[in-house]
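Encoded as structure tokens, the structure appears first; notes follow it.
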There are 2 protein chains.
Amino acid sequence: MRADARRNREKVLKAGRKCLADDGFDAQMEDIARRAKVGVGTVYRHFPTKDALVEALAAERFKGLTEKAREALDNPDPWAGFAEFMHYSASVQANDRALSEIMGARPEVMSEAAEESGLFEPVSELIAKAQKAGSLRRDVVPEDVPLLMCGLARAPRRGSKGPESNWERYLGIVLDGLRAPAITKLPPPRG
Amino acid sequence: MRADARRNREKVLKAGRKCLADDGFDAQMEDIARRAKVGVGTVYRHFPTKDALVEALAAERFKGLTEKAREALDNPDPWAGFAEFMHYSASVQANDRALSEIMGARPEVMSEAAEESGLFEPVSELIAKAQKAGSLRRDVVPEDVPLLMCGLARAPRRGSKGPESNWERYLGIVLDGLRAPAITKLPPPRG
DNA sequence: ACATAATCGGAACCTGAGTTCCGATTCCGG
DNA sequence: CCGGAATCGGAACTCAGGTTCCGATTATGT
């Protein structure tokens, strides 16, 4: 691949990260091109479609999540490890509108990216460890995490400017709801 | 107003409820017209704009919420009253995609509808009562309710068919997170 | 029943945003 | 340094979906 091509590809990715984080899926290809100081044609040469670009960037983010989940497994306190991962996930989503939209409204994209990045396994372990330690309620399953995450990411975005959001309040409440012992009985998971 | 006009208005509202509940804001005016067995022109005579229709229907829903909140105040058990309201709100949103989108992504519309319907007052009372009774954590404020609600409504919609959703699991977790005593300390609310 | 005016229906219009296309430009091997 | 191929840029195209418009239709007062 020619040198300028690779350079432009990077510029597109960088611009895409910023625009998608700010405006979510509504971000416009022209804006991305402009920010990358590149023509739209160039964007399309590297990513045949807007979806393709979005998915490529989503994959990046999921890789980051997986890494963080593995890292959190090293935390000697199982509950702290679990909470650490939840906090990281929430903050990532709070700063990336596109990611939270995918979590909330594109199950296919999400489950594929999760698959690809191997996110499921370390998250399951985090949960199992915390449950075994008696700090996480017994009736949560790994599938609940995206469920909770999605809410975490979406709720906060009142208006759209800056990270003046309440996601940390939200996370605090959810974390307390996840602690053992459970009080409210949950219906069995479906899906 | 002529008799047929009023009749058509009702048909449009009914069709709008159904289409918006199913497809959210993406519902198309043509679909609504078709379902109402009416031309698009007729829809536009009654509601000058898609937004106007959406807002009219949102107002309906908020009226229902307000009513339910007042009703829940009669519950002799303050916590049960609060939970009853939360459960009702969540189920309404789980069955109305447009409503949950408004809650999640249109603060202006939401706060206006909430204002209009007088929702804030009974909700504040519900919270105050449950806190006084010692069953609801002290650090929640009325503004947290939409925050939580939004998540409740959004997370569940994996795929888009039917109410095969997990919102009740979600609600159960959040309710436990709202119980006193709080463990995780929340940052102060902003906004 | 008739005149009049409101209402209806849906084709046509307009706008915004994703995508395509191709002449101009830039890179790289000989 | 040159030729040709890969890459670039952005004007033009396309299509979807909200909105407008107006001749046809239907309700209401006399």
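Because the structure is a prediction, the values reported are computed rather than measured. Every chain is numbered from 1, with letters handed out A, B, ... down the list of sequences.
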Q: Give a yes/no answer on whether the side chain of B:T42 brings an N or O atom under 4.0 Å of OP1 or OP2 in C:dT7.
A: no
Whole-Å distance, A:F47 CZ to C:dG18 C1', equals 16 Å
**Prompt:** Among the clusters formed by ILVMFWY side chains lying less than 4.5 Å apart, do A:V141 and B:I173 turn up in the same one?
**Reply:** no
Letter by letter from the 5' end, nucleotides 21-30 of chain C scores (B base, S sugar-phosphate only, - none; protein heavy atoms under 4.0 Å) -----BSS--
Would you check, one step at a time, whether the test side-chain contact (heavy atoms from CB on, under 4.5 Å) holds for B:I127 with B:V145?
-> CA-CA 10 Å; B:I127 289 177; B:V145 172; 4.0 Å; yes
Steps toward side-chain contact (heavy atoms from CB on, under 4.5 Å) verdict (B:E121, B:E125): CA-CA 6 Å; B:E121 189 217 303; B:E125 267 189 73; 3.2 Å; yes
Residue pairs passing the ring pair (Phe, Tyr, Trp, His ring centres under 6.0 Å) test with at least one member in residues 83-126 of chain B, sequence neighbours excluded, are B:H87-B:W167
To the nearest angstrom, the CD1-P distance between A:I32 and D:dG10 comes to 16 Å
Separation of D:dT19 atom C1' from B:L53 atom CG, nearest Å, is 14 Å
The side-chain hydrogen bond (donor to acceptor under 3.5 Å, both in side chains) partners of A:T184 (sequence neighbours excluded) come to B:D176, B:R179
Atom CD of B:E112 with >12 non-hydrogen neighbours under 6.0 angstrom: no
To the nearest angstrom, the CG-C1' distance between B:N8 and C:dA6 comes to 13 Å
Contacts of A:H46 and B:D26 projected onto DNA chain D by closest heavy atom; the upstream (5') one is A:H46
B:V40 has its side chain closest, among C:dT19, D:dT20, D:dC8, to D:dT20
Result for 5'-nearest mapping on DNA chain C, choosing between B:V38 and A:F25, is B:V38
Residues passing the salt bridge (Lys or Arg N to Asp or Glu O under 4.0 Å) test with A:R6, sequence neighbours excluded, are none
Nucleotide N/O to protein N/O under 3.5 Å, stretch nucleotides 13-17 of chain D:
from	atom 1	to	atom 2	distance (Å)
D:dG17	OP1	B:Q28	OE1	3.4
D:dG17	OP2	B:Q28	OE1	3.3

**Message:** Can you tell me if A:T49 touches the phosphate of C:dG18, counting only side-chain N or O atoms and a distance under 4.0 Å to OP1 or OP2?
**Reply:** no
Here the salt bridge (charged side-chain N to carboxylate O under 4.0 Å, His left out) pairs for residues 34-50 of chain A, sequence neighbours left out, are A:D31-A:R34
Whole-Å distance, B:R35 CZ to C:dG9 P, equals 17 Å
> Tell me, do B:E71 and B:K68 make a side-chain contact under 4.5 Å, heavy atoms counted?
Replying inline: yes
